[in-house]
Amino acid sequence: MLKRMRVLTKLTVEVPLGIGRALDYTAPVELAVRPFSCVEISVGSRAHVGLVTAVSTIEDDPALKLKAISRVISAPLPAAVVELARFVADYYQVGLGMACGLITPNDAAPAAQPIGWRLTAIGQDAIAQITAKQTAHRSLADAFAACDDGLLSVEVRSTLSASAKKALNDWLQTGRAEAVFAVQRRGSFSPNLPAFTAEQSDAVVALRAKRTGFHVSLLHGVTGSGKTEVYLDLVAATLNAGKQVMLLVPEINLTPQLVDRVIAALPDVPTAIMHSKISPTERNRAWHDVYSGSARLIIGTRLAVFAPAAELGLIVIDEEHDSSYKQGESPRYHARDAAIVRAQHAGIPVVLASATPSLESWRQARAGRYQHIRLHQRATASQPSAMRLIPAKGRRVKSGLSELLADGISDRLAKKEQSLVLVNRRGFSPALYCPHCAWSAPCKRCDAKLTLHQITRSLRCHHCGFHTGVPTNCPACGHPELAGVGVGTQKLEAALIEAFPDARIARADTDALTGKYAWQQLYEKILAREIDIVVGTQMLAKGHDFPALTLVGVVDADRALFSTDFRAQEDMYALLTQVAGRAGRHSLPGEVMIQTEFPDHPIFQSLLKSDYDGFADATLASRDAMGLPPLTRMALIRGESKDAQAVAEFFTYAHSILRNALAESDGEVFAPQPAPLARKADFTRWTMTAIAPKVRPMADALAKLRDAMQLAKPKVRWAIDVDPYDFS
Ligand code: ADP
Ligand code: ZN
Ligand code: ZN
């Protein structure tokens, strides 16, 4: 006799575990799980969120040993978001599961409390079949029928009988009802925007002309030209058309005032903030708000590009040239490029805003593929900062601080104005050395010098975290006096304190500003004029607005001139332009002093004339001549191991695979070489770059490399970085 088997739904689920394949689970047929829903599953004993990519019906068979899913987290994600995950997997060379980890909610914890429940389409049908005898189900159906808009609120639920409450749980489990998290509020928002200048009005008209369909506009305006107001006009228009809007910003914790400004301009708009510094619960909540459509505006850092907005009508990327849009670890996506791909799938416009567009965007605008909208004038009456080059050699007051810069600072102190002294990078910091035998303190585990930290009197490695005390005598020759070399923020701060003992001096870098609110507090002190001189890294350059800040000194710009990183000059141009925009934003005139040994260098000449076009065209031409991005596609292969031999073997093999794979497509792979930081925490590190003229051959060649390594199983940690920004 045949035994009748139970029928189940089999789900293929992508899980972000780097296992390289999807896993199969089951669910009751009544749940009616659809492809691209998010589900909670367990792998081993741990709970994970996965994305359902295929659904089929099977007969229950214990021999299959399939586990059931724990619960359904969401109905299907918007198609454009799923497409985006597929793009990330394919383009950035990661498994689909890892890419799906970007689009699913980050946390398996339950979302916020719902405000009520609603019947699903299945539920509407099911209600008709309830018999009078099923009293609990009947009374629940009646309760739904009596509700406004079909929303059974938390208050109404509390009046239900225990058995009707149980029936509600049952309906939720079986997909007949769903939770609702917030009331949807669409249109009509009236933005608080100033009366536009003539130039801004033209820009607004140009942007509004491209409000629907896929289209990229480059909103290119000098610092202070009022780009924010211009794109906010389009944001408001899009919101009022009933669409959601996404605004990407570089690093929210560094630009809280931009968020405040946007919220002040669009006060009634339900907004979700998404970035990596909010708690998992807050992030989960934001995800569901965006997914349900209750959040209309999404403001976030690079990760927000994956937000599950089904009704997205516009993506704006502020400071589009900022390198924080590129993710440093796997999946190494670039949010600007991902946004453009997403907009293409969704058929919506993208606005890229910058004073110094990336050469990637510049090339597209020059070729006429992006609409190039220019703002040449400041929106307010304030004068642009005057820029001056001052010789770095010559007379010094103190380490790193030239006499001219010191004079500039004391002039500001006398006038009760503020100065900012910028140091390019945290890594460029004082090393300890012996003036007698030239010994300097190395990290035991890396090819790096240890950095001298004055406050803790310690030597620290910025790469591996190794730290040790400061020796009193030279370990090599016994000389009793060791000195610090190089300019770091701490050393410069010390020099400033010595030169200006009565000034109130603050340091802003990632060492000084630990803790969630440290930067916010310093920001407020600067605004309140409780600080006279700020010294710090590029974090000071991000869109801040300090009315009394009238002098910016840049002490080590020259570092970028000789960098091995082909983007170093582009980055420096953007940094100096941005930092110059910090001074003199208001009625007081600003001045920027750049200390350099190479005043004739073309980059400084372009900066002095505010000739971004000249700089960008010249730099692009030399990139093209050298076959570098953005003309070509680049990929960086990294490999590291404690076993140097294994690294060498890996690269020999990887090099031959890539060379063969790229041979037919005019691609090229360069010889492997030690990474700039060749040893890090006892690991030997090498890199190798490949270049191809087109996307597809590069992606195919890299996929071949991954396949080959899956078989070869090299004993190294290795990774592919497509469109790399970090070469260290
Ligand atoms: P950008 O982003 O182009 O550097 P912002 O949008 O920050 O410039 O604008 C610079 C300053 O000018 C801001 O304080 C802004 O509020 C102000 N602003 C912009 N447009 C106008 C306008 N039309 N009238 C008056 N002030 C404006
Ligand atoms: Zn010595
Ligand atoms: Zn180290």
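Order of appearance sets the numbers: ligands from 1, and atoms from 1 within every ligand.
The A379 neighbourhood of ligand 1 comprises atoms 18 (N), 19 (C), 20 (N), 21 (C), 27 (C), with distances under 4.0 Å to a heavy atom of that residue. Of all atoms in ligand 1, numbered sequentially from 1 with element shown, those under 4.0 Å from a heavy atom of V222 are 3 (O). Interface atoms of ligand 1 facing A195, defined by a heavy-atom separation under 4.0 Å, are 22 (C), 23 (N), 24 (N). Near T223, meaning under 4.0 Å from one of its heavy atoms, ligand 1 places the atoms 4 (O).
For R567 and Y725, the positive end sits near the middle of the six-membered ring, less than 6.0 Å away and at most 45° from its axis.
Close to ligand 1: S225, with a non-hydrogen atom less than 4.0 angstrom away. Every heavy atom of V230 sits 4.0 Å or more from the atoms of ligand 1. Residue contact check for ligand 1: R261 places a non-hydrogen atom closer than 4.0 Å to it.
Residues Y333 and F87 place their aromatic rings such that the two centres sit no closer than 6.0 Å. Remark: aromatic rings of H372 and W362 are close, center separation under 6.0 Å. Separation of the Y612 and H220 ring centroids falls under the 6.0 Å cut-off.
Pairs of residues two or more places apart, or lying in two chains, that qualify as side-chain hydrogen bond (donor to acceptor under 3.5 Å, both in side chains) and include a residue from residues 199-214 are T197-Q200, R208-D233.
Nearest residue to atom 25 (C) of ligand 1 from A353, A264, P194 is P194 (criterion: closest heavy atom).
Under a 4.0 Å N-O distance rule, the pair K243/E311 does not qualify as a salt bridge.
At least one N/O-N/O distance between T228 and ligand 1 falls below 3.5 Å. Here's the thing with F196: none of its N/O atoms is less than 3.5 angstrom from an N/O atom of ligand 1. Where the criterion is an N or O separation shorter than 3.5 Å, residue side chain and backbone included, G226 meets it with respect to ligand 1. For a threshold of 3.5 Å applied to N or O pairs, the pair formed by Q200 and ligand 1 contains at least one separation below that value.
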Audit row: D613, R374, salt bridge (Lys or Arg N to Asp or Glu O under 4.0 Å) steps and yes/no: CA-CA 11 Å; D613 296 24; R374 313 282 305 237; 2.9 Å; yes
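When D721, D337, D723 are each tested for a salt bridge (Lys or Arg N to Asp or Glu O under 4.0 Å) with K326, only one passes: D721.
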